[in-house]
There are 2 protein chains.
Amino acid sequence: MPLTLEEIGKLAGVSRSTVSRVVNGSANVSEVVRERVGQVIHQTGYHPHAAARSLVTHRTRVIGVVIPEALTKLFTDPFFPLLLRGVTETCNSHDYHLMLSLFSGPDGQFDMHRRVIRSGYLDGVIMASTRLDDPLVARLLQDKVALVMVGRHPDERVNYVDTDNLGAARMATEHLIRLGHKKIATLTGPLNMLQAQDRVAGFRQAMDAHRYSLPESLVVEGDFTEGSGYEGMTRLLAVRPSAVFAASDAMAVGALKAIRHAGLRVPDDIALVGFDDVPIAEAIEPALTTVRQPIERLGSMATELLLTLIEAGSSEEPRLVQRIVLPAELIVRQSCGALR
Amino acid sequence: MPLTLEEIGKLAGVSRSTVSRVVNGSANVSEVVRERVGQVIHQTGYHPHAAARSLVTHRTRVIGVVIPEALTKLFTDPFFPLLLRGVTETCNSHDYHLMLSLFSGPDGQFDMHRRVIRSGYLDGVIMASTRLDDPLVARLLQDKVALVMVGRHPDERVNYVDTDNLGAARMATEHLIRLGHKKIATLTGPLNMLQAQDRVAGFRQAMDAHRYSLPESLVVEGDFTEGSGYEGMTRLLAVRPSAVFAASDAMAVGALKAIRHAGLRVPDDIALVGFDDVPIAEAIEPALTTVRQPIERLGSMATELLLTLIEAGSSEEPRLVQRIVLPAELIVRQSCGALR
DNA sequence: CCAGGGCGTGGGAGCGCTCCCATGAAGGAC
DNA sequence: GTCCTTCATGGGAGCGCTCCCACGCCCTGG
């Protein structure tokens, strides 16, 4: 049933080699033959066998997307689907395919490394939601696998694409400053995550730039979850800030609940800004002012970059390391008090 | 750099064939040799080349997940990530890999069919979120590709795994009946979708079983979106039902807004039940009573089924068509008025 | 003592493709 | 007319693996 080059050749009255030339669009095929072979290919619905091809080309036209820790967190916000959408779109248009690897534990990763990378399944890898100390990064780097990360990484050999978390946090904070708030607090993410660090850094930059004093009581660490937002806000209520920048929407929702339970109102008593723009941000009352990341673009740019690396792979070693940082967007709704 | 069987053989002082036997765990290898070869394999980190292997075995150990219409809808609810989680978990434990294909248009599908199926990339395919009339289904069936669908399909040759939408809708409706509601309405999904049909059918069954009269004014068609929920509810307000079963959480949220704008309260004036249990359901006020599908299990069972089909594939033709229907769960919160 | 049957092992063939070189026909320059 | 180039085409080799058969060893039974 599955046809081979040889059979197509027989049908078209030419050799295997000539059919191969037509399939791969190489020059040096007469117009007549090209036409004839093309017809046969079209009629039979022939398509070259991928495995046979990659056995000799050492290319699979498949890239991997690796999400090391498939935690629950990931699955309640639209980050992951949007990222994949960006990746697949670029893959589709470049005739590449996407292999998805999700892991719940570190043991799975080790397997993955052997099974997938070493077995030559993939031409390159995109890693997202990676923890700083993930050992897989080092291993991939060592194996010289084409690699692009989504979210920045300190290793200087790593190509990455990231949102400008710092700039976005500064922008959100400045928005609150511009609204006249004097005492602004922040609920941060877990500070062992680069993202979280960047967001506090942006917050601090804005505060510094406007010569706001920033006692440490106004910076409370959480872990991006609603629960930690509730708790953190409860602690912040002791110092009564007039505005709060939460490093995730989930934390902002938690903060909102804490504020309400204290008998206060958002935005009248305390203004609130979140980060992520998950669907909930728009659904709650008051709708949450927040920061929207260009997630889909992150995915497509990472892919674009990866494909460039792959295609340049055959050239000499010292290829340039690329880092792309995309701006985020402030979505102004009710919770900051700017509207109305 | 990448090692071959031959090289491992040389290092271990045996032939290519023997190494292959060790790798594939076949019998008829002496304990001594097995041990020695195993050591070499472990030390070198050797892994067989996937393409070479599948060139001869005609197996890739890769399955495809195809989502034909990567619409925005899909990306605002956690269906898709949860499904993938179920699929990958099963894939991981069976040493299979997952190739993901998302399409935004029908033209992409045609490509996909040729590029992916015919080129022998995949051993089998899982399709989800498929429209009834999707031409890809017919084509896959015709090509005798191992296929499992998530969500039922009328074609009698199709293996599928589905949630018991009918039973779940009946359960949700009966919950409202048990709470003493006499005039219960429903906001349906688009009736050209099987899911939506099943949910109305369940609603009708419950109403019939309790000999409730059901004038057509109590059944309003929507399209699963919040907007259509708002509109539909606005129309329903004319007949003033005491409870509403919405076929999606998004529609329930829309209905909630419409009810509020009419100056009425949930659940006091009108009780509300949704479907899906998206994160928003829990975040809104009052928290939404809704139906939770076993999405992750759907994914893992579909995969399990697919792998069975693949592994049985070599046997004779008339393989049994399998259909698995999993029950859903009613999550009781505030919006139905049962609590408190 | 030798025939016969395991069992462990080695090596040829071939999967479907690409790459490279050989071949032959056509064409241009002298 | 001859020689050399150019270009279209064919076919061998080999990618790394699995499958199959052949080979030699040892053990058993008559």
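Proteins come first, then strands; the chains are lettered A, B, ... in the order of their sequence lines, and each starts at number 1.
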From CZ (B:R16) to CD1 (B:I8), nearest 0.5 Å: 14.0 Å

Separation between CG of A:D162 and CG of A:L298, rounded to the nearest 0.5 Å: 6.5 Å

Side-chain touch B:D123/B:V62, heavy atoms, less than 4.5 angstrom: no

Between C:dG8 (C1') and B:E31 (CD): distance, integer Å: 13 Å

Between the first and last five pairs of the helix from C:dC1-D:dG30 to C:dC30-D:dG1, the angle of the axes, rounded to 10 degrees: 50°

Summary of protein contacts for nucleotides 16-24 of chain D, nucleotide by nucleotide, where a base hit scores B, a sugar-phosphate-only hit scores S (4.0 Å, heavy atoms): BBBBB----

Residues which pass side chain to side chain donor-acceptor pair (under 3.5 Å) with A:E304, listed by chain and number, not counting sequence neighbours: A:H94

Scan the side chains in residues 48-56 of chain A for donor-acceptor partners under 3.5 Å anywhere in the protein, sequence neighbours excluded, and list what turns up.
from: A:R53; atom 1: NH2; to: A:N24; atom 2: OD1; distance (Å): 2.9
from: A:S54; atom 1: OG; to: A:A50; atom 2: O; distance (Å): 3.2
from: A:S54; atom 1: OG; to: A:A51; atom 2: O; distance (Å): 3.4

Heavy atoms of other groups near A:R297 CZ, more than 12 under 6.0 Å: no

N/O (side chain, B:S30) to phosphate O (OP1/OP2, C:dT9) under 4.0 Å: yes

Short N/O separations, protein against nucleotides 22-24 of chain C, under 3.5 angstrom:
none

Side chain to side chain contact (heavy atoms under 4.5 Å, CB included) assessment of A:V137 paired with A:M149: CA-CA 9 Å; A:V137 179; A:M149 298 190 61; 4.2 Å; yes

Evaluation steps, side chain to side chain contact (heavy atoms under 4.5 Å, CB included), between B:Y96 and B:L307: CA-CA 9 Å; B:Y96 267 75; B:L307 298 189; 3.7 Å; yes

Any residue meeting side chain to side chain contact (heavy atoms under 4.5 Å, CB included) with B:D155, in chain and number order, not counting sequence neighbours: B:L141, B:H153, B:R157, B:V158

Spacing of CD1 belonging to A:I41 relative to OH belonging to A:Y46, to within rounding of 0.5 Å: 7.0 Å

From C:dG10, C:dT9, D:dG10, nucleotide with atom closest to B:N28 side chain: C:dT9

